[in-house]
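Here is the structure we will look at.
Order of the sequence lines fixes the chain letters, A, B, ..., with proteins taken first and strands second; residue numbering starts at 1 for each chain. The figures here come from the full heavy-atom set of this structure, side chains too, leaving out hydrogens, waters and symmetry mates. Everything numeric here is computed off the predicted structure, so don't read it as measured data.
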Protein chains: 2
Amino acid sequence: MGTEDGERGGLRERKKQETRIALSWAAVRLTIERGLENVRVEDIAAEVGVSPRTFNNYFSSKGEAIAARHLERARSIAAELRAQPASKPLWEAINDAALARFALGQEGDGRNTHDQQWIAGVRLMIAEPALQGEMIKASAAAEAEFAAAVAERTGTDVTSDMYPKLVAGAVTAAFGVAVEHWLRADPSVSIMTLVSEALHRLSAGLPAP
Amino acid sequence: MGTEDGERGGLRERKKQETRIALSWAAVRLTIERGLENVRVEDIAAEVGVSPRTFNNYFSSKGEAIAARHLERARSIAAELRAQPASKPLWEAINDAALARFALGQEGDGRNTHDQQWIAGVRLMIAEPALQGEMIKASAAAEAEFAAAVAERTGTDVTSDMYPKLVAGAVTAAFGVAVEHWLRADPSVSIMTLVSEALHRLSAGLPAP
DNA sequence: AGAAACATTGCGGGGTCCGCAAAATCCGGT
DNA sequence: ACCGGATTTTGCGGACCCCGCAATGTTTCT
């Protein structure tokens with residue numbers, strides 16, 4: 001019978017990704033429940049049904065497993081930027097890409113468990129010092145992709161010109177600030193509003209208010 | 001005989017700081033020589049003449065010890081910003097503060113061993129993946145101080161207004177990009193030129209070139 | 001089906017980091 | 001100048017993490 005996988009790359013690759021994501025989510029979930037210090041690699045592996053040794057084949061540390069969720073989210077923003085029509089002005093495209101990806105808890109009516117989990121996860125990464133580094137590192141990784149997208153869009157060169165990385169760095173910082181404020185202060189203001197405001201100020205040259 | 005310390009806080013505190021700095025430099029030096037994987041905590045402690053256990057009283061990891069140099073440098077920029085006259089416009093003050101602190105290898109004539117060591121240290125932190133996180137984390141820590149300085153100067157509030165953190169984040173990113181380009185590409189261009197250019201672009205709203 | 005490629009697992013070791021309690025050192029008052 | 005409390009340093013022991021290696025499955029290709 002014909003192989004009816006219908007998916008790219010073969011079944012093997014697919015399963016790997018599933019395991020990877022499952023491990024990552026398990027790490028987040030357990031850490032939210034018990035705190036980072038009370039979660040051993042053994043527990044995470046058990047939750048997914050693999051050996052502890054296998055966990056370390058996927059992630060080189062507990063922290064990396066947790067930050068992997070964040071990394072993927074951040075990456076998707078770069079992808080979204082690439083998906084924006086080339087005719088759009090850069091800052092407008094950035095804004096639209098961000099808004100598309102920061103649409104959280106908007107759809108449906110709060111029944112979106114994964115978003116909830118993710119928000120709790122971000123809170124965690126901000127709170128636990130041991131995770132802050134990992135989250136920042138993940139942001140930096142995504143920043144590189146974002147810079148590449150900006151370079152492509154503006155016809156500049158990532159290696160010879162500072163411009164793309166400058167934009168990527170500033171935008172990443174803006175996202176971070178917006179998210180942090182959103183989590184800390186009143187949740188009444190939507191994250192999207194804050195992100196838009198931050199980006200707008202950036203593109204205006206951050207004049208003193 | 002009279003205690004002729006002439007320094008603040010007592011002799012004890014002083015010695016602690018010295019040990020701390022000595023450990024940090026030793027960590028940098030050894031890692032440059034042998035690579036991170038070939039340096040154990042034991043070696044660093046031995047170099048300074050303390051027990052391995054003591055090392056961990058000062059730093060909670062090897063990486064932190066190395067990044068401590070970077071952290072101190074970054075902090076000094078925030079301090080420099082505070083030292084700028086309040087009458088100066090914000091962006092001018094930021095630029096001047098940065099230039100004052102990025103004056104490297106300029107003075108004297110290359111006889112400045114500590115600057116050389118530091119440059120090599122930064123190269124290291126950029127190259128070794130295990131150290132990237134630490135360096136970024138240190139940058140983030142300094143960023144908070146920078147934000148406080150900006151808040152003070154602009155009369156904004158760090159907790160309620162995004163502005164100070166936005167500026168701090170963007171500026172930190174700009175420093176990072178400038179340093180990275182300086183290290184990677186031709187060392188002919190001075191770091192100060194690159195920093196100024198990056199800041200100027202930022203304050204102009206990062207228009208596509 | 002058979003072989004090659006790849007993933008998972010167990011084992012073992014080097015190393016890090018921390019808590020704890022004893023020894024060494026410093027500081028301030030008399 | 002000395003003593004008592006406070007602080008630091010140190011050694012020890014333990015829990016855990018992370019990786020290399022080699023054996024053992026499992027998928028993919030021909």
Side-chain angles (χ1 to χ4, degrees), chain A residues 1-24 26-27 30-31 34-68 128-131 133-134 137, chain B residues 1-24 26-27 30-31 34-68 128-131 133-134 137:
Chain A
M1 59 200 74
T3 60
E4 47 167 321
D5 51 34
E7 294 295 352
R8 53 180 302 94
L11 177 146
R12 199 170 198 159
E13 197 66 20
R14 183 139 220 84
K15 205 151 197 184
K16 265 188 81 169
Q17 288 312 315
E18 277 171 18
T19 307
R20 187 181 173 81
I21 291 173
L23 283 171
S24 177
L30 289 174
T31 307
R34 314 183 197 167
L36 185 62
E37 300 312 308
N38 304 318
V39 178
R40 16 224 111 270
V41 167
E42 194 186 339
D43 304 328
I44 302 170
E47 176 119 341
V48 177
V50 297
S51 81
R53 183 66 184 83
T54 295
F55 174 88
N56 277 90
N57 287 344
Y58 283 92
F59 300 104
S60 64
S61 76
K62 254 189 298 180
E64 190 181 315
I66 294 174
E128 285 269 9
L131 292 178
E134 292 295 335
K137 206 158 81 178
Chain B
M1 58 201 74
T3 60
E4 49 167 320
D5 52 33
E7 292 294 352
R8 53 179 301 96
L11 177 146
R12 202 168 196 161
E13 195 66 20
R14 183 140 221 84
K15 205 151 197 186
K16 264 188 82 168
Q17 288 312 316
E18 277 170 18
T19 307
R20 187 182 173 82
I21 291 174
L23 282 170
S24 177
L30 289 175
T31 307
R34 316 184 196 166
L36 185 62
E37 300 311 309
N38 303 319
V39 177
R40 27 227 100 264
V41 167
E42 194 185 340
D43 304 328
I44 303 170
E47 176 119 341
V48 178
V50 297
S51 80
R53 183 64 184 82
T54 295
F55 174 89
N56 277 91
N57 286 345
Y58 283 92
F59 300 104
S60 65
S61 77
K62 253 190 300 180
E64 190 182 314
I66 295 173
E128 285 269 8
L131 292 178
E134 293 294 335
K137 206 159 80 179

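Annotation: side-chain hydrogen bond (donor to acceptor under 3.5 Å, both in side chains) contacts of B/R53 (sequence neighbours excluded): B/N57.
When the side-chain nitrogen and oxygen atoms of A/K62 are compared with OP1 and OP2 of D/dC17, one or more of them lie within a distance under 4.0 Å. Proximity of B/Y58 to the phosphate of D/dT9: a side-chain N or O atom is located under 4.0 Å from OP1 or OP2.
When every heavy atom of A/V41 is checked against every heavy atom of A/P52, the shortest pair comes out as CG1-O, 4.1 Å. The two residues B/L30 and B/E47 have their closest heavy-atom pair at CD2-OE1, 3.9 Å. Between A/V48 and A/A26, the closest heavy-atom pair is CG2-CB, 3.9 Å. Residue A/I44 comes nearest to A/L23 through the heavy atom pair CG2-O, 3.7 Å, listed as atom of the first residue, atom of the second, then distance.
Contacts between residues 38-57 of chain A and DNA chain C, defined by a heavy-atom separation below 4.0 Å, involve A/V50, A/S51, A/R53, A/T54, A/N57, listed by number.
Taking atom NZ of residue A/K16 and atom C1' of nucleotide D/dT26, one finds them 14 Å apart after rounding to whole Å. Rounded to whole Å, the distance from CD on A/E18 to P on C/dA7 is 15 Å. Straight-line distance from the CZ atom of A/R14 to the C1' atom of D/dT28: 17 Å, rounded to whole Å. Atoms NZ (A/K15) and P (D/dG25) sit 17 Å apart, rounded to a whole Å. Going from atom CD of A/E13 over to atom C1' of D/dT28 covers 13 Å, rounded to whole Å. One interatomic measurement links the two molecules: CZ of B/F59 to P of D/dT9, which rounds to 12 Å at whole-angstrom precision. The CG atom of B/L36 sits 15 Å away from the C1' atom of C/dG14 (whole-angstrom rounding).
Counting heavy atoms from C-beta on, the side chains of A/R40 and A/D43 come closer than 4.5 Å.
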